[in-house]
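Below is one structure, written out as structure tokens; the observations come after it.
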Amino acid sequence: MDITISQPAIKWFINEMNLSEGDYIRFFVRYGGHGGAQVGFSLGVSNQDEPFEPVTKTTIDGITFFVEKKDEWYFDGSDLHIKYSRKKEEIEFLLQ
């Protein structure tokens with residue numbers, strides 16, 4: 001499993017979450033929501049956690065984006081691609 005993030009999405013994270021070099025972004029499974037890869041669940045985002053047991057991580061512009069091993073099941077072997085939608089003015093998660 002890999003994480004790829006478009007440059008506009010990185011800028012969105014930095015601006016919206018007030019991030020700076022050395023910060024972390026964790027993608028995690030949460031109950032509820034819509035549009036998720038697994039029925040009844042969706043993807044959450046947190047800047048409050050440091051990697052504990054990451055199954056994958058990538059560092060871009062000094063910010064580490066990661067998924068913990070306990071949330072790996074949600075992705076079902078897919079890679080996580082994150083892009084920014086100018087039309088919707090928000091980030092989008094794609095599993096491929």
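Between Arg26 and Asp71, the closest side-chain pair of non-hydrogen atoms falls below 4.5 Å.
Scanning all heavy atoms of the two residues, the minimum distance from Gly44 to Arg30 falls at CA-CD, 4.0 Å. In this structure, Tyr84 and Ala9 approach most closely via the heavy-atom pair CB-N, 3.7 Å. Closest approach of Lys57 to Phe66, counting heavy atoms only: CB-CB, 3.6 Å. Counting all heavy atoms, side chain and backbone alike, Glu68 lies closest to Pro54 at OE1-N, 3.5 Å.
Remark: Phe93 pairs with Phe27 by the ring-ring contact (aromatic ring centres under 6.0 Å, His included) rule, at least two apart or across chains. Residues satisfying the salt bridge (Lys or Arg N to Asp or Glu O under 4.0 Å) test with Lys88, not counting sequence neighbours, are Glu92.
When Val45, Ile60, Asp61 are each tested for a side-chain contact (heavy atoms from CB on, under 4.5 Å) with Phe13, only one passes: Val45. Applying the side-chain contact (heavy atoms from CB on, under 4.5 Å) test between Phe75 and each of Ile3, Val55, Leu80, Thr56 identifies Leu80 as the sole match.
No path of Ile, Leu, Val, Met, Phe, Trp and Tyr side chains, each step under 4.5 Å between heavy atoms, connects Ile91 with Tyr24, placing them in separate hydrophobic clusters. Linking Ile, Leu, Val, Met, Phe, Trp and Tyr whenever their side-chain heavy atoms come within less than 4.5 Å leaves Ile82 and Leu94 in two separate clusters. Taken together through direct or relayed side-chain contacts under 4.5 Å among Ile, Leu, Val, Met, Phe, Trp and Tyr, Trp73 and Leu95 form part of one hydrophobic cluster. Following chains of ILVMFWY side-chain contacts shorter than 4.5 Å, one can reach Val29 starting from Ile25, so the two form part of one hydrophobic cluster. When the side chains of ILVMFWY residues are joined at heavy-atom separations under 4.5 Å, either directly or via intervening members, Met1 and Ile5 end up in a single hydrophobic cluster.
The neighbour count for Gln96 CD, taken as heavy atoms of other residues, nucleotides or ligands under 6.0 Å away, is above 12.
In this structure, Phe52 CZ and Lys69 NZ are separated by 12.5 Å, a value rounded to the nearest 0.5 Å. Rounded to the nearest 0.5 angstrom, Phe65 CZ and Thr59 OG1 are separated by 8.5 Å.
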When you look at Asn47 and Asp23, which way does the side-chain contact (heavy atoms from CB on, under 4.5 Å) test go after all the steps?
CA-CA 7 Å; Asn47 65 346; Asp23 286 341; over 6 Å; no
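In terms of modelled atom types and a separation under 3.5 Å, the side chain of Glu53 and the main chain of Lys70 share no donor-acceptor contact. In terms of modelled atom types and a separation under 3.5 Å, the side chain of Asp2 and the main chain of Asp79 share no donor-acceptor contact.
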